[in-house]
Amino acid sequence: MLFLYLFLTCAPLLAHALASLPPRTSPPPNALVVRVNTTDSSEFGSLIDAVAALPTDESSQIVFVFPGIYQGQVNIQRSGPVTVQGYTTNPSSVSENTVTLVDSIPASAVGGSNDLSGTLRIHTDNVSLYNLDIRNDFGVGSQAIALSNYGDQVGVYACGLFGYQDTLLSNQGRQVYLGGWIEGAVDFIFGRLGQAYFESNTIAVKGPGSITASGREADNAQIYIFNENQVVLAPDANMTKPVVAFLGRPWGDFARVIFKSTYVTATLNPGIWSIWDPGDNRTDNVFMADWNTTGPGVPADATRLDWVTILDATEAAAFNISTAVGDDFANWVDMEFLL
Ligand SMILES: *[C@@H]1O[C@H](CO)[C@@H](O)[C@H](O)[C@H]1NC(C)=O
Ligand SMILES: *[C@@H]1O[C@H](CO)[C@@H](O)[C@H](O)[C@H]1NC(C)=O
Ligand SMILES: *[C@@H]1O[C@H](CO)[C@@H](O)[C@H](O)[C@H]1NC(C)=O
Ligand SMILES: *[C@@H]1O[C@H](CO)[C@@H](O)[C@H](O)[C@H]1NC(C)=O
Ligand SMILES: *[C@@H]1O[C@H](CO)[C@@H](O)[C@H](O)[C@H]1NC(C)=O
Ligand SMILES: *[C@@H]1O[C@H](CO)[C@@H](O)[C@H](O)[C@H]1NC(C)=O
């Protein structure tokens, strides 16, 4: 069902499909191995235990996770580089992921801290995640983060991020999100200082709200650039109220978000971009721009207010991966996942 849905909604972008990659179904040499109910004493029964066993040094480490559902929060914070790989027969396809990390902690239960609610938290640099579905299943009523990312040079490849309000906290550091699925309803890609580049993702809207909420509060480096993503209605969206989305609203009054070449099948509000709240617009210093936004979800009467920036093709081209994460991106980004 999910696969069929993805196939149908991906159709317009098939010309840009990612190259297919060889299956990854066994652990690489020297990897720590995670397997549900393992009886092998050299393996770990959870990612929590494997991460706790990583050496606290500068060495590069790989954790390989066999299929299953793993409950509980994980915090990656050792200093050396960490790669976490999920078992998959098709690494380029997020819809074929077999590993799920899940918890359901709302920020309201942890003193209002977005970070502390995160199912997977990254508090170190040089982390790469492959083929993991990361869920915060709390649902409606509080911020509840699936992935809380405070890392620099973090690559998130073909991962599914699932939540409702505030799914992905890109709060600090340079990050790429490539070939994944990002689902939520309210402000579900957000953060104060993150510099992030998003490409070839499916962004699934589960209820009314804004996809992004950039929390940029001053003229600093925070930026979210989206290129060639698609916006779809989540398969399990609650249709009790009409599900109408905005590309973004400004949490901080210097919010900076650029959407390029987005193909939209979910319904966008004709304003495309939103103020923060009535009486608290926060639009004075924002840079919110979209270019080549197309698809049946874009209303024929779409109009952008005067605080939205209209780009031409040349201006749009200057907002690329280097603009978001720096021109040394090839040193740490997995280039197989870039178009
Ligand atoms: C793991 O063990 C638990 C408790 O014995 C059991 O309920 C569960 O079905 C097992 N899971 C798998 C995938 O074997
Ligand atoms: C991360 O990798 C960069 C090189 O790409 C290195 O300079 C830096 O020290 C690493 N950081 C950590 C915390 O390992
Ligand atoms: C769906 O949304 C309505 C309000 O719009 C709410 O009353 C209802 O509980 C929601 N259902 C689920 C399953 O979340
Ligand atoms: C506009 O976006 C679509 C994807 O939504 C892409 O296929 C097309 O190449 C883009 N147009 C330009 C001029 O880049
Ligand atoms: C805030 O935004 C609303 C809706 O776009 C607009 O009508 C109003 O004039 C704005 N207020 C200020 C103070 O800019
Ligand atoms: C990004 O755009 C800048 C400014 O136009 C350009 O100098 C740079 O080469 C581009 N980088 C990539 C990776 O396309």
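In what follows, residues are counted from 1 in the order of the sequence shown. Indexing begins at 1, ligand by ligand and atom by atom, following the structure's order.
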Polar atom proximity, E228 to ligand 4 (N or O, under 3.5 Å):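 No; the residue has no nitrogen or oxygen that sits under 3.5 Å from a nitrogen or oxygen of the ligand.
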Assess whether a salt bridge exists between [X] and [Y], defined as any Lys/Arg side-chain N lying under 4.0 Å from an Asp/Glu carboxylate O.
{"X": "D57", "Y": "R78", "answer": "yes"}
{"X": "R304", "Y": "D290", "answer": "yes"}
{"X": "D219", "Y": "R256", "answer": "no"}

Between F66 and F64, ring centroids under 6.0 Å: yes
Per-pair distances, ligand 6 N/O vs protein N/O, less than 3.5 Å:
residue, atom, partner, partner atom, Å
ligand 6, 2 (O), N320, ND2, 2.3
ligand 6, 11 (N), N320, ND2, 3.0
ligand 6, 11 (N), S322, OG, 3.1
ligand 6, 14 (O), N320, ND2, 3.3

Over 12 non-hydrogen atoms of neighbours within 6.0 angstrom of CD1 in I69: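 No, because the 6.0 Å sphere around CD1 of I69 holds 12 heavy atoms or fewer from other groups.
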Neighbour count >12 (heavy atoms, 6.0 Å) for atom CG, N30: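 It does not: N30 CG has 12 such atoms or fewer within range.
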F198 side, atom CZ; K260 side, atom NZ - distance, nearest 0.5 Å: 14.5 Å
Interatomic spacing from CG in L21 to OG1 in T89 - rounded to 0.5 Å: 11.5 Å
Region of L305 that comes within reach of ligand 5 [heavy atoms, distance under 4.0 Å]: side chain
Sub-4.0 Å atoms of ligand 5 with respect to non-hydrogen atoms of I275: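 By the 4.0 Å cutoff, the relevant atoms are 2 (O).
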Contact check: N281 vs ligand 5, nitrogen or oxygen atoms, below 3.5 angstrom: yes
